[in-house]
Participant: 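The structure that follows is given in the form of structure tokens.
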Amino acid sequence: MGQETVARGTFRGKVNKSFCRITSDKILSRGEILTPDGTKVGSVRSVLQNKGTGIAKFNLNEANTFLINGETHTLKIEHLVNEETFRKGR
């Protein structure tokens, strides 16, 4: 990720997005994860059939309907770290 993201997690103890596993009800493709109203909430970076990895906002822990490249998917997003992992200060 970027330098600003690492600094935010280290010094402020807050990050908005994290690396995650993504499972879909359909074959996945790389692209942006959008809510049905078009808000970007993450992206799929790597794919193998209906499983993938990517970056997503922390508040997306349940299976929900999202759009990827204009196609509707029901995604299960599993974050590999939690918000408590990031510490404030050094």
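These numbers come from a predicted model, not from an experiment.
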Participant: Let me confirm one number: the NE2-OG1 distance from His73 to Thr23, rounded to the nearest 0.5 Å.
Facilitator: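 Between His73 NE2 and Thr23 OG1, I get 12.5 Å after rounding to 0.5 Å.
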Participant: Can you name the side-chain hydrogen bond (donor to acceptor under 3.5 Å, both in side chains) partners of Arg30, sequence neighbours left out?
Facilitator: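 None.
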Participant: Quick one: side chain to side chain contact (heavy atoms under 4.5 Å, CB included) partners of Asn69, sequence neighbours excluded?
Facilitator: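 Side chain to side chain contact (heavy atoms under 4.5 Å, CB included) list for Asn69, sorted by chain: Ser29.
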Participant: Roughly how far apart are Ser18 OG and Ile77 CD1, rounded to 0.5 Å?
Facilitator: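 Ser18 atom OG to Ile77 atom CD1 measures 9.5 Å (nearest 0.5 Å).
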Participant: Under the 3.5 angstrom rule, does the side chain of Lys51 hit a backbone N or O of Leu28 as a donor-acceptor pair?
Facilitator: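 Looks like no, no N/O pair under 3.5 Å.
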Participant: Could you walk me through whether Leu75 and Ile68 pass the side chain to side chain contact (heavy atoms under 4.5 Å, CB included) check?
Facilitator: CA-CA 10 Å; Leu75 300 180; Ile68 301 173; 3.9 Å; yes
Participant: Listed by chain and number, what are the side chain to side chain contact (heavy atoms under 4.5 Å, CB included) partners of Thr53, not counting sequence neighbours?
Facilitator: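 Thr53 satisfies side chain to side chain contact (heavy atoms under 4.5 Å, CB included) with Phe19, Ser46 only.
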Participant: Can a donor-acceptor pair be found, under 3.5 Å and without considering hydrogens, that links the side chain of His79 to the backbone of Lys17?
Facilitator: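 No, the answer is negative, given that no donor and acceptor are paired below the 3.5 Å cut-off.
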Participant: Hey, what do you get for CD (Glu71) to OG (Ser24), rounding to the nearest 0.5 Å?
Facilitator: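 Rounded to the nearest 0.5 Å, the CD-OG separation comes to 8.0 Å.
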Participant: Do any pairs count as a salt bridge (charged side-chain N to carboxylate O under 4.0 Å, His left out) and have a residue in residues 32-45, sequence neighbours left out, and if so which ones?
Facilitator: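 Salt bridge (charged side-chain N to carboxylate O under 4.0 Å, His left out) check on residues 32-45 returns Glu32-Lys40.
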Participant: Taking ILVMFWY side chains as joined if any heavy atoms are under 4.5 angstrom apart, and letting links pass through other members, which residues group with Leu34?
Facilitator: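 The other cluster members (ILVMFWY side chains, heavy atoms under 4.5 Å, direct or chained) are Leu67.
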Participant: To the nearest 0.5 Å, what is the distance between CG on Asn50 and CD1 on Ile22?
Facilitator: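 That separation rounds to 11.5 Å.
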Participant: Starting at OG1 of Thr74, measure out to CZ of Phe66 and round the result to the nearest 0.5 Å.
Facilitator: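 Taking OG1 in Thr74 and CZ in Phe66, the distance rounds to 9.5 Å.
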